[in-house]
Amino acid sequence: MNVVTSLVRNSAVAAVASTSWNVRLRELAYQSLFAESVSLYRSMLRSGSSPDAFSFPFILKSCAALSLPVSGKQLHLHVIRGGCEAEPFVLTALISMYCKCGLVEDARKVFDENPQSSQLGVCYNALISGYRANSKVSDAVFMFRRMKETGVSVDSVTLLGLVPLCSAPDYLWLGRSLHGQCVKGGTDSEEAVLNSFITMYMKCGSVESGRRLFDELPVKGLISWNAVISGYSQNGLAYDVLELYELMKSSGVCPDPVTLVSVLSSCAHLGAKKIGQEVGKLVEANGFGSNLYLSNALISMYARCGNLAKARAVFDMMPVKSLVSWTAMIGCYGMHGMGETGLMLLDDMIRRGVRPDGTVFVMVLSACSHSGLADKGLELFDAMKREYKLKPGLEHYSCVVDLLGRAGRLDEAMEFINSMPVEPDGAVWGALLGACKIYKNVDMAELAFAKVIEFEPMNIGYYVLMSNIYSDSKNQEGIWRIRVMMRERAFRKKPGYSYVEHKGRVHLFLAGDRSHEQTEEVHRMLDELETSVMELAGNMDCDRGEEVSSTSREHSERLAIAFGILNSNPGTEILVIKNLRVCEDCHVFIKLVSKIVDRQFVVRDASRFHYFKDGICSCKDYW
DNA sequence: CTAGGGTTAG
């Protein structure tokens with residue numbers, strides 16, 4: 001009798017003990033204190049208390065969150081020893097743990113060994129999103145098929161696991177069909193599911209579909225705004241991003257770091273300095289400064305808006321830097337013609353044990369070519385292959401051609417192209433063509449041009465470049481030939497854009513566009529400028545004066561400049577951001593205008609800044 | 001008492 005009562009009492013004590021452990025485990029898991037949860041589990045074992053079906057889900061979740069595959073496997077053994085594997089909640093936690101630790105095969109094994117689970121739907125969901133997270137797309141789709149075939153009901157969590165993988169071109173059909181079924185199945189689809197559809201459409205470039213879905217949302221939460229804003233940003237619609245950002249704020253939704261990353265990257269694209277600075281202040285005010293993504297975005301925003309010092313300040317303040325941070329900072333120096341500083345930073349990075357990747361070398365090579373460091377660049381191209389075992393891509397080859405070309409080593413550039421182990425593309429031949437323009441080599445230019453239009457027959461820039469090469473060598477027949485080619489190809493009118501930021505707003509100008517609210521004043525300003533430019537061109541005996549006076553004013557750059565001069569206060573810097581279009585007339589126009597007005601210009605093309613003062617661009621080899 | 005999910009950088 002005595003023995004029995006003591007046994008009963010002991011097991012009751014053990015049960016109480018295990019419950020209080022579980023309560024504590026649950027608390028820690030809820031507060032995302034996963035490391036603490038793992039050590040609590042260890043002390044639970046040490047104290048002789050054995051975990052049960054209520055303990056395992058929490059501790060498995062902690063292992064998953066910390067991605068501890070070894071501890072996870074060990075836990076699995078404990079689960080088996082405790083006879084808990086078939087417990088529904090333990091089973092789902094196990095599958096999820098294996099998936100999060102990157103061991104999808106083990107997850108699948110657990111899944112296959114327990115086909116009778118009462119939570120089969122949840123198991124499928126965990127496995128499907130596990131396959132997705134480990135980028136095993138076809139396996140995820142296979143499991144989804146099996147799920148439907150066996151009659152397990154598909155719920156919103158299934159969709160959340162499945163839809164994000166449907167932005168891959170191969171599975172777009174599936175995404176559309178899922179969306180269709182959702183619409184048919186009733187209007188009460190969860191917000192999260194709709195958000196994932198928005199992201200899916202955005203990722204595969206159907207901005208319109210994504211936007212329509214967004215507009216139709218009954219409630220637009222933070223994540224919906226983020227999905228649509230980052231979607232526009234990824235599709236290069238920077239102007240719309242800023243518009244949406246304003247709308248978001250005025251609808252009372254507070255931006256978070258995810259929003260701000262997209263907004264900053266759009267500011268960088270547009271060169272929207274003021275808005276970018278405001279966002280920078282917001283980042284500081286909200287204590288988002290430690291967010292790695294945000295800091296990286298801030299660096300490239302400041303860099304592309306011309307504020308090198310501020311970019312460096314953000315970079316230096318970062319307690320942890322990722323490879324992206326280094327890349328952005330090095331690219332920043334390359335962009336501003338400070339190749340040497342960029343190279344010093346590269347050394348610094350390598351000294352600190354950060355391994356450069358292919359993208360870093362793109363930045364480094366282009367920094368070298370813009371700073372006249374041809375030999376150093378070639379040396380680094382070699383080091384990239386030998387020391388870092390990186391396989392150069394076409395982007396690297398075109399950098400090297402640019403490097404040699406800008407240095408005037410045209411024959412070497414040609415040899416280099418011929419020795420490439422991969423087929424050169426349009427960018428490679430285009431780099432050579434650009435070099436031929438600088439060094440007035442018409443024969444090689446003709447060769448490069450023939451090649452480049454094989455790859456990019458519809459890129460109008462190359463035709464203009466070739467035409468200008470003929471024009472430099474006074475080859476009228478050549479110019480005429482190019483014009484005929486352009487006419488034959490009937491280029492669809494894709495006007496160039498220029499942007500000017502003024503008082504926190506971005507003003508967009510298209511060639512020949514008269515929709516701007518100040519269009520009358522802008523054109524009047526343009527008249528004045530053109531008159532002065534022509535006088536100046538006459539006085540200076542400018543060798544392109546004639547062409548400047550004869551071209552139409554339907555260029556976005558000109559409209560943007562006129563707007564800038566019209567609206568900015570005397571002495572302020574006008575920032576004209578131009579999408580790269582090869583148009584010499586506008587280049588000459590910009591040079592001359594900067595002599596007329598008492599202002600400095602900063603003009604940005606695709607890869608770097610050009611600072612104008614008194615009609616002189618700070619970089620010698622340009623235009 | 002308990003499991004499965006969506007948005008972010010060069």
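Below, read A as the first sequence line, B as the second, and so on, with proteins coming before strands; counting in each chain starts at 1.
Residue contacts for Ser129(A): at a heavy-atom cut-off of 4.0 Å it reaches the sugar-phosphate backbone alone, with no base atom in range. Counting any heavy atom pair closer than 4.0 Å across all strands shown, Ser230(A) reaches sugar-phosphate atoms only and no base atom. At a threshold of 4.0 angstrom between heavy atoms, the contacts of Ala192(A) include nucleobase atoms, whether or not backbone atoms are also involved. Gln234(A) comes within 4.0 angstrom of the backbone, heavy atoms only, and of no base. Using a 4.0 Å heavy-atom criterion, one finds that Arg24(A) contacts no nucleic acid atom at all. Note on Asp52(A): nothing from the nucleic acid sits closer than 4.0 angstrom, heavy atoms only. Ala29(A) comes within contact range of no nucleotide atom at all, as no heavy-atom separation falls under 4.0 Å. Residue contacts shown for Asn291(A) are absent, as no nucleic acid heavy atom lies under 4.0 Å away. Within the nucleic acid shown, Tyr124(A) has no heavy atom closer than 4.0 Å to any nucleic acid atom. Contacts of Phe288(A) with the nucleic acid, taken as non-hydrogen atoms under 4.0 Å apart, are absent.
Scored by the side chain to side chain contact (heavy atoms under 4.5 Å, CB included) test, Val253(A) finds Leu222(A), Trp225(A), Met248(A), Ser251(A) as partners (sequence neighbours excluded). For Ser224(A), the side chain to side chain contact (heavy atoms under 4.5 Å, CB included) criterion is met by Glu191(A), Asn195(A), Phe214(A), Leu217(A), not counting sequence neighbours. Residues forming a ring-ring contact (aromatic ring centres under 6.0 Å, His included) with Phe58(A) (at least two apart in sequence, or on another chain): none. With sequence neighbours excluded, the residues that form a ring-ring contact (aromatic ring centres under 6.0 Å, His included) with Tyr397(A) are Phe381(A), Phe416(A). Annotation: ring-ring contact (aromatic ring centres under 6.0 Å, His included) contacts of Tyr302(A) (sequence neighbours excluded): none.
Ring planes of Phe361(A) and Tyr388(A): tilted class, angle from 30 to 60°.
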For residues 157-172 of chain A, which side-chain donor-acceptor pairs fall under 3.5 Å, sequence neighbours excluded?
{"from": "Thr158(A)", "atom 1": "OG1", "to": "Asn125(A)", "atom 2": "OD1", "distance (Å)": "2.7"}
{"from": "Thr158(A)", "atom 1": "OG1", "to": "Asp155(A)", "atom 2": "N", "distance (Å)": "3.1"}
{"from": "Thr158(A)", "atom 1": "OG1", "to": "Asp155(A)", "atom 2": "O", "distance (Å)": "3.3"}
{"from": "Thr158(A)", "atom 1": "OG1", "to": "Asp155(A)", "atom 2": "OD1", "distance (Å)": "2.8"}
{"from": "Ser167(A)", "atom 1": "OG", "to": "Pro164(A)", "atom 2": "O", "distance (Å)": "3.1"}

Taking only distance into account, with no hydrogens and no angle test, what donor-acceptor pairs under 3.5 Å do side-chain atoms of residues 116-123 of chain A form with protein atoms, sequence neighbours excluded?
{"from": "Ser117(A)", "atom 1": "OG", "to": "Gln119(A)", "atom 2": "N", "distance (Å)": "2.9"}

Could you list the donor-acceptor pairs under 3.5 angstrom formed between side-chain atoms of residues 95-105 of chain A and any protein atom two or more places apart in sequence or on another chain?
{"from": "Tyr98(A)", "atom 1": "OH", "to": "His76(A)", "atom 2": "ND1", "distance (Å)": "2.8"}

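A salt bridge links Asp106(A) and Lys73(A); the closest N-O separation between the charged side-chain nitrogens and carboxylate oxygens is under 4.0 Å.
A heavy-atom distance below 4.0 Å to DNA chain B is reached by none of the residues of residues 235-251 of chain A. Near DNA chain B, defined here as any heavy-atom distance below 4.0 Å, there are no residues from residues 136-150 of chain A.
The list of ring pair (Phe, Tyr, Trp, His ring centres under 6.0 Å) pairs with a residue in residues 142-164 of chain A, not counting sequence neighbours, is empty.
Bounding nucleotides for the chain A contact on DNA chain B, 5' to 3', at a heavy-atom distance below 4.0 Å, are dC1(B) to dG10(B).
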